[in-house]
Q: 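One structure is given below, represented as structure tokens, and several questions about it will come after.
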Amino acid sequence: MSHFFSLDLSETSMVCLCYVAQPSNAKVQYVVRRLSKKQPGCRIMLALLGAQTTATLETMTLDVAEGTFSIISRAVILNALAFIGPEPR
């Protein structure tokens, strides 16, 4: 995780944080806080593979997807498409 924050995010508009298990609120809050400071305005999505509940994360202002890889992949794509808006005609 320490090398994660040294990445160049200057042209990043959306980040998807993927966890295989339910992370603690403290871990999620730490990563979201660091990302928000490093790249203000960046949309942050949390992907919880196999997670059963996100009730403890409801107070955070980020998009959350949970379930299988297929469900999360679809949610990430839909979230990204909603972020960029419709194609110009």
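Computed from a prediction, not measured in an experiment: that's the story for all the values here. Values reported hereafter were calculated over all heavy atoms of this structure, with side chains retained and with hydrogens, waters and symmetry mates removed.
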Q: Taking C-beta and beyond as the side chain, do Val76 and Met45 meet within less than 4.5 Å on heavy atoms?
A: yes
Q: Determine, stepwise, if the pair Tyr19 / Leu49 fulfils side-chain contact (heavy atoms from CB on, under 4.5 Å).
A: CA-CA 6 Å; Tyr19 288 95; Leu49 290 162; over 6 Å; no
Q: Taking only residues two or more places apart in sequence, or in another chain, which ones meet Thr68 in a side chain to side chain donor-acceptor pair (under 3.5 Å)?
A: none
Q: Which residues pass the side chain to side chain donor-acceptor pair (under 3.5 Å) test with Arg74, sequence neighbours left out?
A: none
Q: Would Leu17 and Leu7 show up in the same hydrophobic cluster when neighbours are defined by side-chain heavy atoms closer than 4.5 Å?
A: yes
Q: For the atom pair CG (Leu46) and SG (Cys18), what is the distance rounded to the nearest 0.5 Å?
A: 8.5 Å
Q: Looking at residues at least two apart in the chain, or sitting in another chain, which of them share a side chain to side chain contact (heavy atoms under 4.5 Å, CB included) with Ser73?
A: Phe69
Q: May I have all residue pairs that pass salt bridge (charged side-chain N to carboxylate O under 4.0 Å, His left out) and include part of residues 10-22, sequence neighbours excluded?
A: none
Q: Once you round to the nearest 0.5 Å, how far does CG of Leu35 lie from OH of Tyr30?
A: 10.0 Å
Q: Quick one: closest heavy-atom pair of Gly67 and Ile72, and the distance?
A: O-CD1, 3.7 Å
Q: List for me each residue that meets side chain to side chain contact (heavy atoms under 4.5 Å, CB included) alongside Thr12, sequence neighbours excluded, and say none if there are none.
A: Leu9, Val15, Cys42
Q: Please round to the nearest 0.5 Å and tell me the distance separating atom CD of Gln29 and atom OG of Ser24.
A: 8.5 Å
Q: For residues 37-50, which residue pairs qualify under salt bridge (charged side-chain N to carboxylate O under 4.0 Å, His left out), counting only residues two or more places apart or in two chains?
A: Arg43-Asp63
Q: side-chain contact (heavy atoms from CB on, under 4.5 Å), that's the test. Do Asn79 and Met14 meet it? Break it down for me.
A: CA-CA 9 Å; Asn79 197 320; Met14 182 177 164; 3.9 Å; yes
